[in-house]
Amino acid sequence: MLKSLLRRAGKSSIPIHLVDTTTLVPWLATQPKRVAAWVKSVGYRPDNGTHCLVPGKEGELALVIASVTNQAEPWGYASLPSSLPKQHSYQIAGRQSEQQANAAALGWALGCYRFSRYKKKKDDFAALAWPSQCDQVLVAALAEGIGICRDLINTPASDLGPEELTEAGRALAHQHKAKAKVITGQALLRANFPMVHAVGRASSREPRLLDLRWGNPKHPKVTLVGKGVCFDSGGLDIKPANDMKLMKKDMGGAALLLGLAHVLMSLKLPICLRVLIPAVENSVSGDAMRPMDILASRKGLSVEIGNTDAEGRLILADALTEASEEATDLIIDAATLTGAARVALGTALPALFSNDDQVAEALLEAGKKVGDPLWRLPLHDAYRRGLDSKIAEINNITSDSYAGAITAALFLREFVNKRHRWMHIDTMAYNLEARPGRPVGGEAFGLRALTEMLRVRYAPR
(Lines give C-alpha, C1' and ligand atoms only; values in the text may rest on other atoms or scores of the structure.)
Protein backbone atom coordinates (compact mmCIF):
# COMPACT_ATOMS: atom_id res chain seq x y z
CA MET A 1 0.00 0.00 0.00
CA LEU A 2 2.67 2.48 1.00
CA LYS A 3 4.41 2.24 -2.37
CA SER A 4 1.71 4.62 -3.57
CA LEU A 5 2.87 7.32 -1.13
CA LEU A 6 5.80 9.42 -2.32
CA ARG A 7 8.45 10.69 0.08
CA ARG A 8 8.05 14.28 -1.00
CA ALA A 9 6.07 16.30 -3.48
CA GLY A 10 7.53 16.79 -6.93
CA LYS A 11 7.18 19.88 -9.06
CA SER A 12 4.94 17.98 -11.45
CA SER A 13 2.52 16.72 -8.76
CA ILE A 14 -1.08 17.64 -9.54
CA PRO A 15 -2.73 19.58 -6.70
CA ILE A 16 -5.91 18.16 -5.16
CA HIS A 17 -8.15 20.88 -3.72
CA LEU A 18 -10.49 19.64 -1.02
CA VAL A 19 -14.05 21.00 -0.93
CA ASP A 20 -17.50 20.11 0.29
CA THR A 21 -21.02 21.40 -0.31
CA THR A 22 -20.38 24.57 1.70
CA THR A 23 -16.89 25.46 0.49
CA LEU A 24 -16.97 24.76 -3.26
CA VAL A 25 -18.51 28.09 -4.29
CA PRO A 26 -16.25 30.25 -2.04
CA TRP A 27 -13.21 28.32 -3.30
CA LEU A 28 -14.21 28.81 -6.94
CA ALA A 29 -14.40 32.55 -6.31
CA THR A 30 -10.65 32.52 -5.61
CA GLN A 31 -9.80 30.70 -8.85
CA PRO A 32 -9.45 31.88 -12.47
CA LYS A 33 -12.84 32.23 -14.20
CA ARG A 34 -12.06 29.32 -16.53
CA VAL A 35 -12.00 26.95 -13.54
CA ALA A 36 -15.49 27.98 -12.40
CA ALA A 37 -16.71 27.82 -15.99
CA TRP A 38 -15.36 24.30 -16.39
CA VAL A 39 -16.94 23.09 -13.14
CA LYS A 40 -20.28 24.54 -14.22
CA SER A 41 -20.04 23.08 -17.72
CA VAL A 42 -19.47 19.51 -16.47
CA GLY A 43 -22.17 19.85 -13.81
CA TYR A 44 -19.90 18.82 -10.95
CA ARG A 45 -21.59 18.42 -7.59
CA PRO A 46 -19.43 18.03 -4.46
CA ASP A 47 -20.91 14.80 -3.11
CA ASN A 48 -18.62 13.04 -0.66
CA GLY A 49 -16.00 10.95 -2.42
CA THR A 50 -16.50 12.52 -5.85
CA HIS A 51 -13.89 14.49 -7.81
CA CYS A 52 -13.57 16.73 -10.84
CA LEU A 53 -10.58 16.88 -13.21
CA VAL A 54 -9.87 20.45 -14.30
CA PRO A 55 -7.76 21.10 -17.43
CA GLY A 56 -5.20 23.88 -17.88
CA LYS A 57 -4.90 26.34 -20.73
CA GLU A 58 -3.21 23.78 -22.99
CA GLY A 59 -5.64 20.98 -22.16
CA GLU A 60 -3.32 19.33 -19.65
CA LEU A 61 -4.58 18.16 -16.27
CA ALA A 62 -4.06 21.21 -14.07
CA LEU A 63 -5.82 20.34 -10.80
CA VAL A 64 -8.30 18.06 -9.14
CA ILE A 65 -11.27 19.11 -7.06
CA ALA A 66 -12.18 16.42 -4.53
CA SER A 67 -15.16 16.46 -2.22
CA VAL A 68 -14.31 15.20 1.26
CA THR A 69 -17.08 15.91 3.74
CA ASN A 70 -15.11 14.85 6.83
CA GLN A 71 -11.42 15.63 6.32
CA ALA A 72 -10.53 14.13 9.71
CA GLU A 73 -11.50 10.62 8.59
CA PRO A 74 -9.77 8.58 5.88
CA TRP A 75 -12.68 7.28 3.85
CA GLY A 76 -13.42 10.38 1.77
CA TYR A 77 -9.96 10.08 0.19
CA ALA A 78 -9.99 6.33 -0.40
CA SER A 79 -11.60 6.32 -3.86
CA LEU A 80 -9.00 8.66 -5.37
CA PRO A 81 -5.98 6.37 -5.93
CA SER A 82 -8.01 3.98 -8.10
CA SER A 83 -10.10 6.61 -9.93
CA LEU A 84 -7.57 9.35 -10.76
CA PRO A 85 -5.34 9.06 -13.86
CA LYS A 86 -2.47 6.76 -12.93
CA GLN A 87 0.20 8.52 -15.01
CA HIS A 88 0.29 11.47 -12.61
CA SER A 89 1.31 11.90 -9.00
CA TYR A 90 -0.73 14.13 -6.72
CA GLN A 91 -0.45 16.28 -3.63
CA ILE A 92 -3.02 17.76 -1.27
CA ALA A 93 -3.25 21.53 -1.80
CA GLY A 94 -3.48 23.97 1.07
CA ARG A 95 -2.67 23.57 4.73
CA GLN A 96 -4.16 20.78 6.80
CA SER A 97 -3.98 19.95 10.47
CA GLU A 98 -1.96 16.89 11.45
CA GLN A 99 -5.15 14.89 11.94
CA GLN A 100 -6.44 15.84 8.50
CA ALA A 101 -3.08 15.13 6.84
CA ASN A 102 -2.91 11.74 8.56
CA ALA A 103 -6.44 10.93 7.41
CA ALA A 104 -5.61 11.87 3.82
CA ALA A 105 -2.48 9.74 3.69
CA LEU A 106 -4.08 6.79 5.46
CA GLY A 107 -7.21 6.98 3.31
CA TRP A 108 -5.05 6.97 0.20
CA ALA A 109 -3.06 3.97 1.45
CA LEU A 110 -6.19 2.01 2.36
CA GLY A 111 -7.68 2.88 -1.01
CA CYS A 112 -4.73 0.98 -2.50
CA TYR A 113 -5.35 -2.17 -0.45
CA ARG A 114 -6.15 -5.33 -2.38
CA PHE A 115 -5.84 -8.94 -1.26
CA SER A 116 -3.99 -10.25 -4.30
CA ARG A 117 -2.20 -13.35 -2.98
CA TYR A 118 -4.02 -15.63 -5.41
CA LYS A 119 -4.11 -13.30 -8.44
CA LYS A 120 -1.38 -12.83 -11.01
CA LYS A 121 -2.61 -9.42 -12.15
CA LYS A 122 -2.00 -6.59 -9.68
CA ASP A 123 -3.96 -3.34 -9.68
CA ASP A 124 -2.30 0.00 -10.43
CA PHE A 125 -2.90 3.14 -8.39
CA ALA A 126 -2.14 6.82 -8.61
CA ALA A 127 0.64 8.10 -6.33
CA LEU A 128 0.33 10.71 -3.58
CA ALA A 129 2.99 12.88 -2.03
CA TRP A 130 3.08 12.75 1.75
CA PRO A 131 1.06 15.71 3.10
CA SER A 132 3.40 18.16 4.79
CA GLN A 133 1.80 17.95 8.25
CA CYS A 134 1.53 14.16 8.20
CA ASP A 135 2.94 11.91 10.93
CA GLN A 136 4.50 9.48 8.48
CA VAL A 137 5.55 6.94 11.11
CA LEU A 138 2.03 6.71 12.52
CA VAL A 139 0.32 6.49 9.13
CA ALA A 140 2.76 3.86 7.87
CA ALA A 141 2.26 1.79 11.03
CA LEU A 142 -1.53 2.01 10.81
CA ALA A 143 -1.63 1.14 7.11
CA GLU A 144 0.69 -1.82 7.65
CA GLY A 145 -1.16 -2.99 10.77
CA ILE A 146 -4.52 -2.86 9.01
CA GLY A 147 -2.97 -4.68 6.06
CA ILE A 148 -1.62 -7.43 8.34
CA CYS A 149 -5.05 -7.87 9.90
CA ARG A 150 -6.90 -7.94 6.59
CA ASP A 151 -4.43 -10.30 4.92
CA LEU A 152 -4.62 -12.82 7.76
CA ILE A 153 -8.42 -12.82 7.77
CA ASN A 154 -8.66 -13.02 3.99
CA THR A 155 -6.32 -16.01 3.73
CA PRO A 156 -8.39 -19.22 3.49
CA ALA A 157 -8.07 -21.80 6.23
CA SER A 158 -6.34 -24.18 3.81
CA ASP A 159 -3.34 -21.83 3.95
CA LEU A 160 -3.83 -20.37 7.45
CA GLY A 161 -4.15 -22.91 10.21
CA PRO A 162 -2.96 -22.69 13.81
CA GLU A 163 0.67 -23.17 12.77
CA GLU A 164 0.58 -20.45 10.11
CA LEU A 165 -1.21 -18.03 12.43
CA THR A 166 1.32 -18.46 15.22
CA GLU A 167 4.17 -18.27 12.70
CA ALA A 168 2.79 -14.89 11.61
CA GLY A 169 3.17 -13.86 15.24
CA ARG A 170 6.73 -15.18 15.31
CA ALA A 171 7.54 -13.21 12.15
CA LEU A 172 6.18 -10.08 13.79
CA ALA A 173 8.31 -10.72 16.86
CA HIS A 174 11.41 -11.17 14.69
CA GLN A 175 10.68 -7.93 12.83
CA HIS A 176 10.44 -5.94 16.05
CA LYS A 177 13.11 -7.79 18.03
CA ALA A 178 10.49 -9.16 20.41
CA LYS A 179 10.51 -12.55 22.13
CA ALA A 180 8.01 -15.21 21.12
CA LYS A 181 7.35 -18.79 22.07
CA VAL A 182 4.70 -21.22 20.89
CA ILE A 183 3.26 -24.09 22.95
CA THR A 184 1.97 -26.87 20.69
CA GLY A 185 -0.26 -29.93 20.97
CA GLN A 186 0.14 -32.12 24.04
CA ALA A 187 2.51 -29.56 25.54
CA LEU A 188 -0.58 -27.40 26.13
CA LEU A 189 -1.77 -29.93 28.70
CA ARG A 190 1.59 -29.99 30.44
CA ALA A 191 1.58 -26.16 30.49
CA ASN A 192 -1.99 -26.19 31.90
CA PHE A 193 -3.98 -24.81 28.96
CA PRO A 194 -6.56 -27.62 28.93
CA MET A 195 -9.39 -25.79 27.16
CA VAL A 196 -7.16 -24.58 24.33
CA HIS A 197 -6.15 -28.21 23.84
CA ALA A 198 -9.72 -29.54 24.13
CA VAL A 199 -11.08 -27.22 21.47
CA GLY A 200 -8.28 -27.90 19.00
CA ARG A 201 -7.55 -31.59 19.57
CA ALA A 202 -10.07 -32.88 16.99
CA SER A 203 -8.19 -31.27 14.13
CA SER A 204 -5.26 -32.85 12.31
CA ARG A 205 -3.57 -29.47 12.82
CA GLU A 206 -2.41 -29.23 16.42
CA PRO A 207 -3.66 -26.42 18.67
CA ARG A 208 -1.12 -23.81 19.70
CA LEU A 209 -0.60 -20.82 21.97
CA LEU A 210 1.57 -17.89 20.90
CA ASP A 211 3.14 -15.82 23.68
CA LEU A 212 4.89 -12.65 22.41
CA ARG A 213 6.65 -10.16 24.68
CA TRP A 214 8.16 -6.80 23.77
CA GLY A 215 9.25 -3.63 25.51
CA ASN A 216 10.76 -2.47 28.76
CA PRO A 217 9.47 -4.43 31.79
CA LYS A 218 9.60 -1.19 33.78
CA HIS A 219 6.91 0.35 31.57
CA PRO A 220 3.17 -0.22 32.12
CA LYS A 221 2.15 -3.66 30.91
CA VAL A 222 -0.54 -4.05 28.26
CA THR A 223 -1.67 -7.59 27.44
CA LEU A 224 -3.55 -8.41 24.23
CA VAL A 225 -5.50 -11.68 23.96
CA GLY A 226 -6.89 -12.61 20.54
CA LYS A 227 -9.24 -15.43 19.56
CA GLY A 228 -7.46 -17.50 16.91
CA VAL A 229 -10.02 -20.05 15.67
CA CYS A 230 -8.63 -20.54 12.18
CA PHE A 231 -11.75 -22.35 11.03
CA ASP A 232 -14.91 -23.08 12.98
CA SER A 233 -17.05 -25.98 11.81
CA GLY A 234 -19.01 -25.73 15.04
CA GLY A 235 -17.61 -29.04 16.22
CA LEU A 236 -20.14 -31.79 16.89
CA ASP A 237 -22.80 -29.07 17.12
CA ILE A 238 -21.94 -28.50 13.49
CA LYS A 239 -22.89 -25.30 11.72
CA PRO A 240 -25.16 -25.34 8.66
CA ALA A 241 -23.32 -24.69 5.39
CA ASN A 242 -24.40 -21.07 5.09
CA ASP A 243 -23.18 -20.25 8.60
CA MET A 244 -19.89 -22.03 7.99
CA LYS A 245 -19.13 -20.13 4.78
CA LEU A 246 -17.22 -17.23 6.38
CA MET A 247 -15.60 -19.17 9.20
CA LYS A 248 -12.09 -18.56 7.90
CA LYS A 249 -12.60 -15.17 9.59
CA ASP A 250 -13.08 -16.71 13.05
CA MET A 251 -9.49 -15.78 13.88
CA GLY A 252 -10.34 -12.11 13.28
CA GLY A 253 -9.71 -11.18 16.92
CA ALA A 254 -6.20 -12.59 16.74
CA ALA A 255 -5.60 -10.84 13.42
CA LEU A 256 -6.81 -7.52 14.84
CA LEU A 257 -4.49 -7.69 17.83
CA LEU A 258 -1.48 -8.84 15.80
CA GLY A 259 -2.06 -5.82 13.56
CA LEU A 260 -2.39 -3.61 16.64
CA ALA A 261 0.79 -5.09 18.12
CA HIS A 262 2.65 -4.18 14.92
CA VAL A 263 1.43 -0.59 15.24
CA LEU A 264 2.37 -0.28 18.92
CA MET A 265 5.84 -1.74 18.39
CA SER A 266 6.42 0.38 15.26
CA LEU A 267 5.56 3.50 17.27
CA LYS A 268 7.83 2.31 20.09
CA LEU A 269 5.09 3.09 22.57
CA PRO A 270 6.52 3.13 26.13
CA ILE A 271 4.70 -0.01 27.27
CA CYS A 272 5.61 -3.57 28.13
CA LEU A 273 3.55 -5.47 25.57
CA ARG A 274 2.40 -9.07 25.80
CA VAL A 275 0.33 -10.81 23.11
CA LEU A 276 -1.39 -14.15 23.73
CA ILE A 277 -2.96 -15.92 20.75
CA PRO A 278 -4.62 -19.31 21.33
CA ALA A 279 -4.79 -20.78 17.81
CA VAL A 280 -7.00 -23.76 17.02
CA GLU A 281 -9.25 -25.32 14.41
CA ASN A 282 -12.67 -26.42 15.71
CA SER A 283 -13.15 -29.64 13.81
CA VAL A 284 -15.16 -32.86 13.91
CA SER A 285 -13.48 -36.19 14.65
CA GLY A 286 -13.63 -39.06 17.10
CA ASP A 287 -11.53 -36.96 19.47
CA ALA A 288 -13.81 -33.92 19.41
CA MET A 289 -15.24 -32.53 22.63
CA ARG A 290 -18.92 -33.37 23.06
CA PRO A 291 -21.97 -31.49 24.32
CA MET A 292 -22.27 -31.93 28.08
CA ASP A 293 -18.59 -32.81 28.49
CA ILE A 294 -16.93 -31.24 31.52
CA LEU A 295 -13.62 -29.50 30.81
CA ALA A 296 -10.97 -28.45 33.25
CA SER A 297 -9.72 -24.88 32.83
CA ARG A 298 -6.45 -23.16 33.63
CA LYS A 299 -8.20 -21.21 36.39
CA GLY A 300 -9.40 -24.42 38.00
CA LEU A 301 -13.09 -23.88 37.25
CA SER A 302 -14.94 -26.85 35.77
CA VAL A 303 -16.77 -25.90 32.56
CA GLU A 304 -19.75 -27.76 31.14
CA ILE A 305 -20.00 -27.70 27.36
CA GLY A 306 -23.53 -26.65 26.52
CA ASN A 307 -22.61 -26.20 22.87
CA THR A 308 -19.38 -27.07 21.05
CA ASP A 309 -19.93 -24.09 18.75
CA ALA A 310 -19.29 -21.73 21.67
CA GLU A 311 -15.60 -22.62 21.52
CA GLY A 312 -13.97 -19.22 21.20
CA ARG A 313 -14.75 -18.25 24.77
CA LEU A 314 -13.12 -21.48 25.98
CA ILE A 315 -9.74 -20.80 24.44
CA LEU A 316 -9.93 -17.14 25.47
CA ALA A 317 -10.71 -18.19 29.05
CA ASP A 318 -7.44 -20.09 29.42
CA ALA A 319 -5.47 -17.25 27.81
CA LEU A 320 -7.19 -14.59 29.95
CA THR A 321 -6.38 -16.61 33.05
CA GLU A 322 -2.72 -16.64 32.00
CA ALA A 323 -2.86 -12.88 31.33
CA SER A 324 -4.31 -12.32 34.81
CA GLU A 325 -1.59 -14.26 36.60
CA GLU A 326 0.87 -11.38 36.42
CA ALA A 327 0.60 -7.69 37.20
CA THR A 328 -0.69 -5.72 34.22
CA ASP A 329 -2.16 -2.27 33.70
CA LEU A 330 -4.64 -3.30 31.04
CA ILE A 331 -5.91 -6.49 29.40
CA ILE A 332 -7.64 -6.24 26.02
CA ASP A 333 -9.20 -9.23 24.31
CA ALA A 334 -10.79 -9.29 20.86
CA ALA A 335 -12.87 -11.99 19.25
CA THR A 336 -15.41 -12.78 16.59
CA LEU A 337 -17.39 -14.16 19.48
CA THR A 338 -21.15 -13.93 18.99
CA GLY A 339 -23.77 -13.47 16.32
CA ALA A 340 -25.80 -11.74 19.03
CA ALA A 341 -23.46 -8.73 18.90
CA ARG A 342 -24.08 -8.48 15.16
CA VAL A 343 -27.85 -8.66 15.66
CA ALA A 344 -27.64 -5.87 18.25
CA LEU A 345 -25.16 -3.57 16.51
CA GLY A 346 -24.82 -4.71 12.91
CA THR A 347 -21.66 -5.83 11.18
CA ALA A 348 -19.61 -2.62 11.25
CA LEU A 349 -19.89 -1.62 14.92
CA PRO A 350 -17.94 -3.75 17.43
CA ALA A 351 -19.40 -4.32 20.86
CA LEU A 352 -17.27 -3.19 23.79
CA PHE A 353 -17.46 -4.57 27.31
CA SER A 354 -15.29 -3.45 30.21
CA ASN A 355 -14.98 -3.66 33.97
CA ASP A 356 -13.48 -0.14 34.04
CA ASP A 357 -15.52 2.90 33.05
CA GLN A 358 -12.50 5.14 32.56
CA VAL A 359 -10.73 3.05 29.95
CA ALA A 360 -14.01 2.19 28.24
CA GLU A 361 -14.91 5.86 27.85
CA ALA A 362 -11.39 6.64 26.65
CA LEU A 363 -11.70 4.03 23.90
CA LEU A 364 -15.15 5.25 22.85
CA GLU A 365 -13.87 8.83 22.67
CA ALA A 366 -10.83 7.75 20.68
CA GLY A 367 -13.10 5.93 18.25
CA LYS A 368 -15.19 9.05 17.74
CA LYS A 369 -12.10 11.15 17.16
CA VAL A 370 -10.60 8.97 14.45
CA GLY A 371 -13.85 7.72 12.92
CA ASP A 372 -13.46 4.13 14.11
CA PRO A 373 -16.44 3.70 16.46
CA LEU A 374 -17.32 1.03 18.99
CA TRP A 375 -20.44 0.76 21.16
CA ARG A 376 -20.42 -0.24 24.81
CA LEU A 377 -22.78 -2.93 26.08
CA PRO A 378 -23.26 -3.70 29.78
CA LEU A 379 -21.84 -6.52 31.86
CA HIS A 380 -25.28 -7.02 33.38
CA ASP A 381 -24.72 -9.09 36.52
CA ALA A 382 -28.31 -10.37 36.67
CA TYR A 383 -27.67 -12.42 33.54
CA ARG A 384 -24.77 -14.31 35.12
CA ARG A 385 -27.09 -16.94 36.60
CA GLY A 386 -27.89 -18.09 33.08
CA LEU A 387 -24.41 -19.61 32.94
CA ASP A 388 -24.98 -21.76 36.02
CA SER A 389 -24.48 -25.49 35.55
CA LYS A 390 -26.07 -28.27 37.61
CA ILE A 391 -22.95 -30.44 37.45
CA ALA A 392 -20.06 -27.99 36.89
CA GLU A 393 -19.08 -24.57 38.12
CA ILE A 394 -20.06 -22.81 34.90
CA ASN A 395 -21.60 -23.60 31.50
CA ASN A 396 -20.19 -22.14 28.30
CA ILE A 397 -23.69 -21.09 27.14
CA THR A 398 -27.00 -20.11 28.70
CA SER A 399 -30.21 -22.12 28.49
CA ASP A 400 -31.93 -19.45 26.38
CA SER A 401 -30.94 -17.40 23.34
CA TYR A 402 -31.24 -13.94 24.89
CA ALA A 403 -28.42 -11.41 25.46
CA GLY A 404 -25.84 -13.73 23.90
CA ALA A 405 -23.12 -11.10 23.56
CA ILE A 406 -23.53 -10.07 27.21
CA THR A 407 -23.53 -13.58 28.61
CA ALA A 408 -20.46 -14.47 26.52
CA ALA A 409 -18.68 -11.45 28.00
CA LEU A 410 -19.82 -12.49 31.48
CA PHE A 411 -18.32 -15.93 30.87
CA LEU A 412 -14.99 -14.36 29.96
CA ARG A 413 -15.11 -12.09 33.02
CA GLU A 414 -15.04 -15.18 35.23
CA PHE A 415 -11.46 -15.79 34.07
CA VAL A 416 -10.11 -12.25 34.53
CA ASN A 417 -8.60 -11.22 37.83
CA LYS A 418 -10.89 -8.58 39.30
CA ARG A 419 -7.89 -6.39 40.14
CA HIS A 420 -7.08 -5.89 36.45
CA ARG A 421 -8.60 -3.41 34.04
CA TRP A 422 -10.12 -5.42 31.20
CA MET A 423 -11.80 -4.67 27.88
CA HIS A 424 -13.49 -7.23 25.64
CA ILE A 425 -14.26 -6.45 21.98
CA ASP A 426 -16.77 -8.59 20.08
CA THR A 427 -16.23 -7.84 16.39
CA MET A 428 -17.43 -8.99 12.96
CA ALA A 429 -13.91 -8.55 11.50
CA TYR A 430 -15.34 -8.63 7.96
CA ASN A 431 -16.81 -6.21 5.43
CA LEU A 432 -19.85 -7.70 3.74
CA GLU A 433 -20.10 -4.87 1.23
CA ALA A 434 -17.45 -2.87 -0.60
CA ARG A 435 -16.87 0.80 0.08
CA PRO A 436 -13.87 2.98 -0.82
CA GLY A 437 -10.90 1.81 1.24
CA ARG A 438 -12.97 -1.03 2.68
CA PRO A 439 -13.26 -3.89 0.18
CA VAL A 440 -15.28 -7.00 0.89
CA GLY A 441 -13.22 -9.16 3.23
CA GLY A 442 -11.28 -8.93 6.46
CA GLU A 443 -11.43 -5.69 8.43
CA ALA A 444 -9.57 -4.24 11.40
CA PHE A 445 -12.54 -2.67 13.18
CA GLY A 446 -11.31 -0.85 16.27
CA LEU A 447 -7.59 -0.88 15.44
CA ARG A 448 -7.32 2.87 14.89
CA ALA A 449 -9.43 3.57 17.98
CA LEU A 450 -7.28 1.29 20.12
CA THR A 451 -4.11 2.89 18.78
CA GLU A 452 -5.37 6.39 19.58
CA MET A 453 -6.54 5.42 23.07
CA LEU A 454 -3.27 3.68 23.94
CA ARG A 455 -1.17 6.57 22.58
CA VAL A 456 -3.08 9.04 24.71
CA ARG A 457 -2.91 6.81 27.78
CA TYR A 458 0.78 5.88 27.62
CA ALA A 459 2.46 8.55 25.49
CA PRO A 460 0.46 11.79 25.86
CA ARG A 461 1.79 14.76 23.96
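Residue numbers run from 1 in the order of the sequence given. Every value quoted in this text rests on a predicted model; they were computed, and no experiment measured them. Reckoned from all heavy atoms, side chains included, excluding hydrogens, waters and symmetry mates.
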### Message
Let me confirm one number: the CD-CG distance from Glu443 to Leu432, rounded to the nearest 0.5 Å.
### Response
11.5 Å

#### Entry: Parallel, tilted or perpendicular, as decided by the 30° and 60° cut-offs, for the rings of Trp27 and His17
tilted

#### Entry: Pairing of Asp333 and Lys227 as salt bridge, 4.0 angstrom limit
no

### Query
Strictly by modelled atom types, are Glu73 and Asn70 linked by a side-chain donor-acceptor pair under 3.5 Å?
yes

### Message
Quick one, Arg208 with Glu281, criterion salt bridge (Lys or Arg N to Asp or Glu O under 4.0 Å). Give me CA distance, side-chain angles, the key distance, then yes/no.
### Response
CA-CA 10 Å; Arg208 294 165 176 256; Glu281 184 173 50; over 6 Å; no

### Message
Could you measure the distance from the CG atom of Leu106 to the CG atom of Leu138? Nearest 0.5 Å is fine.
### Response
8.0 Å

### Query
Has Lys268 got more than 12 heavy atoms of other residues, nucleotides or ligands less than 6.0 Å from its NZ?
no

### Message
Measuring only between side-chain heavy atoms, which start at C-beta, is Ile271 closer than 4.5 Å to Trp214?
### Response
yes

### Query
Does some side-chain heavy atom of Ile16 sit less than 4.5 Å from a side-chain heavy atom of Trp108?
yes

### Task
Work out which heavy atom in Asn216 is nearest to a heavy atom in Cys272; give both atom names and the distance.
O-CB, 3.3 Å

### Task
Answer yes or no: are there more than 12 heavy-atom neighbours, outside Asp47 itself, under 6.0 Å from its atom CG?
yes

### Task
Answer yes or no: is there a donor N or O on one side and an acceptor on the other, between the side chain of Thr308 and the main chain of Gly234, under 3.5 Å?
yes

### Distance in Å, Ile425 CD1 paired with Leu363 CG, rounded so as to fall on 0.5 Å steps
5.5 Å

### Message
Could you tell me if Ser233 and Ser283 have a donor-acceptor pair between their side chains, going purely by distance under 3.5 Å?
### Response
no

### Task
Evaluate the side-chain contact (heavy atoms from CB on, under 4.5 Å) criterion for residues Lys119 and Arg114: first the C-alpha distance (whole Å), next the side-chain angles of each, then the deciding distance (0.1 Å), finally the verdict.
CA-CA 10 Å; Lys119 291 185 176 182; Arg114 300 290 186 274; over 6 Å; no

#### Entry: Any donor-acceptor N/O pair, Asp232 side chain to Lys239 backbone, under 3.5 Å
no

#### Entry: Candidate pair Leu210 and Leu165, rule side-chain contact (heavy atoms from CB on, under 4.5 Å), full reasoning
CA-CA 9 Å; Leu210 169 74; Leu165 180 57; over 6 Å; no

### Message
Does Gln358, at its CD atom, have more than 12 non-hydrogen atoms belonging to other residues, nucleotides or ligands within less than 6.0 Å?
### Response
no

### Query
Where the side chain of Asn396 meets the backbone of Asn307, is there a donor-acceptor pair that is under 3.5 Å apart?
yes

### Message
Please determine whether the number of non-hydrogen atoms from other residues, nucleotides or ligands lying under 6.0 Å from atom CZ of Arg34 exceeds 12.
### Response
yes

### Query
Just by distance, do the side chain of Ser79 and the backbone of Gly49 share a donor-acceptor pair under 3.5 Å?
yes

### Query
Is the closest side-chain donor-acceptor distance between Ser67 and Asp20 under 3.5 Å?
no

### Task
Locate the shortest heavy-atom distance separating Pro207 from Leu188; write the atom from each residue and the value.
O-CD1, 3.5 Å

### Query
Would you call the rings of Trp422 and His424 parallel, tilted or perpendicular if under 30° counts as parallel and over 60° as perpendicular?
parallel

### Task
Under the side-chain hydrogen bond (donor to acceptor under 3.5 Å, both in side chains) rule, what do Tyr44 and Thr50 come out as? Steps first, then yes or no, please.
CA-CA 9 Å; Tyr44 174 66; Thr50 63; 3.2 Å; yes

#### Entry: Main-chain N/O of Met428 paired to Thr336 side chain as donor or acceptor, under 3.5 Å
no

### Task
Indicate the atoms forming the closest heavy-atom contact of Phe125 with Gly111, along with that distance.
CE2-O, 3.7 Å

#### Entry: From Leu377 atom CG to Ser354 atom OG, the distance as rounded to the nearest 0.5 Å
12.5 Å

### Message
Given the ring of Trp75, does Arg435 sit roughly above its face, with NZ or CZ under 6.0 Å from the centre of the six-membered ring and within 45° of the axis?
### Response
no

### Query
Less than 4.0 Å between a side-chain N and a carboxylate O, is that true for Arg313 and Asp318?
no

### Message
Can you confirm whether the side chains of Asn154 and Tyr430 place a donor and an acceptor under 3.5 Å from each other?
### Response
no

### Task
Considering non-hydrogen atoms only, spot the tightest contact between Leu152 and Ala255 and give its length.
CB-CB, 3.9 Å

### Message
Assess whether a salt bridge exists between Arg342 and Asp426, defined as any Lys/Arg side-chain N lying under 4.0 Å from an Asp/Glu carboxylate O.
### Response
yes

### Query
Within the side chain of Asp250, is there an N or O that forms a donor-acceptor pair under 3.5 Å with the backbone of Cys230?
no

### Query
Side chain of Asn48, backbone of Thr69: donor and acceptor closer than 3.5 Å?
yes

### Message
Using salt bridge (Lys or Arg N to Asp or Glu O under 4.0 Å), reason through Arg376 and Asp357 one step at a time and then give a plain yes or no.
### Response
CA-CA 10 Å; Arg376 191 178 183 187; Asp357 291 339; 2.9 Å; yes

### Task
Starting from the C-alpha separation in whole Å, work towards a yes-or-no answer on side-chain contact (heavy atoms from CB on, under 4.5 Å) for Arg448 and Ile146.
CA-CA 9 Å; Arg448 293 184 294 115; Ile146 292 169; 4.2 Å; yes

### Message
When you compare the side chains of Asp151 and Tyr113, does any donor N or O come within less than 3.5 Å of an acceptor on the partner?
### Response
yes

## Note on the structure
On a heavy-atom basis, the closest approach of Ile92 and Pro131 is CG1-CG, 4.4 Å

### Query
With side chains defined as the heavy atoms from C-beta onward, is the minimum distance between Leu269 and Leu454 less than 4.5 Å?
yes

### Geometric cation-pi criterion, Arg150 with Phe115: 6.0 Å, 45°
no

### Query
Is the NZ atom of Lys40 crowded by more than 12 outside heavy atoms at less than 6.0 Å?
no

### Query
Please walk me through it: do Asn102 and Asp135 pass side-chain hydrogen bond (donor to acceptor under 3.5 Å, both in side chains)?
CA-CA 6 Å; Asn102 290 349; Asp135 184 338; 5.2 Å; no

### Query
Rounded to the nearest 0.5 Å, what separation is found between the CD atom of Glu206 and the OG1 atom of Thr166?
11.0 Å

### Message
Other residues, nucleotides and ligands only: do more than 12 of their heavy atoms fall within 6.0 Å of CH2 on Trp38?
### Response
no

### Message
Testing the basics here: between Pro156 and Lys248, what is the closest heavy-atom pair and its distance to 0.1 Å?
### Response
CA-CD, 3.9 Å

### Task
Evaluate the side-chain contact (heavy atoms from CB on, under 4.5 Å) criterion for residues Leu412 and Val416: first the C-alpha distance (whole Å), next the side-chain angles of each, then the deciding distance (0.1 Å), finally the verdict.
CA-CA 7 Å; Leu412 295 179; Val416 178; 5.6 Å; no

### Query
Are any side-chain N or O atoms of Asp372 and backbone N or O atoms of Ala449, one a donor and one an acceptor, separated by less than 3.5 Å?
yes

### Message
If we ignore hydrogens and angles and just use 3.5 Å, is the side chain of Asn431 paired with the main-chain N or O of Ala434 as donor and acceptor?
### Response
no

## Note on the structure
In this structure, CG of Leu224 is separated from CD1 of Ile331 (nearest 0.5 Å) by 10.0 Å

### salt bridge (Lys or Arg N to Asp or Glu O under 4.0 Å) between Lys369 and Glu452, intermediate numbers included
CA-CA 9 Å; Lys369 178 180 177 181; Glu452 178 65 18; 3.0 Å; yes

### Query
Side chain of Lys249, backbone of Ala429: donor and acceptor closer than 3.5 Å?
no

### Task
Begin with the C-alpha distance, continue with both residues' side-chain angles, and end with the deciding distance and a verdict on salt bridge (Lys or Arg N to Asp or Glu O under 4.0 Å) for Asp211 and Lys179.
CA-CA 8 Å; Asp211 189 348; Lys179 296 179 180 179; over 6 Å; no

